[in-house]
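I have placed the structure first, in the form of structure tokens, so that the comments after it can refer back to it.
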Amino acid sequence: MSIQVTINGTDRTKQVNANSIQIQNILTRKRDTCDFEMVYRAGDPVTPVIGQEVIVYLSSTKVFGGVITELEQSSPVYGSINWRVSCLS
């Protein structure tokens, strides 16, 4: 099964660590959550921004749609930036 992640309508799948994606769809809650990690390297076009739309597909089926609500940045390796991205539907 393939995973695809778009941010603001642009495919960012290559920058997302697929093993880090956590989606919580809880029937008793009004809002679903999605968290994942991304790596941006020098030359990547843009970085994530709070308020941008995030859509996650699993084998072309939409499994999450929401907006970025939180970002946490770290730089473990020179020339790259890791982002922990949190979203709400």
Side-chain angles (χ1 to χ4, degrees):
M1 291 204 245
S2 63
I3 294 175
Q4 180 185 18
V5 179
T6 65
I7 297 179
N8 250 18
T10 302
D11 189 349
R12 300 289 180 210
T13 306
K14 290 181 181 179
Q15 292 143 331
V16 173
N17 175 354
N19 293 327
S20 73
I21 298 173
Q22 297 178 5
I23 297 173
Q24 293 185 352
N25 297 319
I26 301 173
L27 294 175
T28 57
R29 284 190 181 172
K30 293 182 180 179
R31 300 189 116 183
D32 298 329
T33 64
C34 177
D35 299 294
F36 56 90
E37 295 174 0
M38 302 181 72
V39 177
Y40 276 81
R41 292 175 180 81
D44 283 346
V46 294
T47 58
V49 175
I50 290 175
Q52 288 182 320
E53 179 185 51
V54 173
I55 301 177
V56 180
Y57 299 92
L58 181 60
S59 297
S60 73
T61 299
K62 182 178 173 179
V63 293
F64 179 83
V67 296
I68 298 173
T69 56
E70 241 179 274
L71 293 168
E72 184 180 323
Q73 177 184 348
S74 65
S75 298
V77 178
Y78 180 76
S80 72
I81 298 171
N82 285 6
W83 292 96
R84 181 75 185 158
V85 181
S86 298
C87 309
L88 284 176
S89 64

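Given the structure is predicted, the values throughout are model-derived calculations rather than measurements.
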What residue among T6, V63, T13 forms side chain to side chain contact (heavy atoms under 4.5 Å, CB included) with V56? V63

Those residues at least two apart in sequence (or on a different chain) that pass side-chain contact (heavy atoms from CB on, under 4.5 Å) with E37 are N17, S20, R84

Test of understanding: with side-chain contact (heavy atoms from CB on, under 4.5 Å), list the residues that count as partners of L71, not counting sequence neighbours. P48, I50, I68, W83, V85

G65 and S89: which non-hydrogen atoms are nearest, and at how many Å? O-CB, 3.3 Å

Taking the hydrophobic residues Ile, Leu, Val, Met, Phe, Trp and Tyr, and joining any pair whose side-chain heavy atoms are under 4.5 Å apart, which ones share a cluster with I55? Y57

Rounded to the nearest 0.5 Å, what separates atom OG1 in T47 from atom CD in Q15? 10.0 Å

Pairing residues for V67 by the side-chain contact (heavy atoms from CB on, under 4.5 Å) criterion, not counting sequence neighbours: T69

Given the options N25, I23, L88, C34 meets side chain to side chain contact (heavy atoms under 4.5 Å, CB included) only with I23

Taking a hydrophobic cluster as the set of Ile, Leu, Val, Met, Phe, Trp and Tyr residues connected by side-chain heavy atoms closer than 4.5 Å, whether directly or through intermediates, do V5 and V39 fall within one such cluster? no

Restricting to side-chain contact (heavy atoms from CB on, under 4.5 Å), what partner residues turn up for E70, sequence neighbours left out? S86

Quick one, M38 and V16 - any side-chain contact, counting heavy atoms below 4.5 Å? yes

Quick one: list whatever passes side-chain hydrogen bond (donor to acceptor under 3.5 Å, both in side chains) with Q4, sequence neighbours left out. D11

Pair listing, salt bridge (Lys or Arg N to Asp or Glu O under 4.0 Å) test, anchored in residues 47-66, at least two apart: none

Just wondering, do F64 and I21 contact through their side chains at under 4.5 Å, heavy atoms? no

Excluding sequence neighbours, so at least two apart, what forms salt bridge (charged side-chain N to carboxylate O under 4.0 Å, His left out) with R31? none

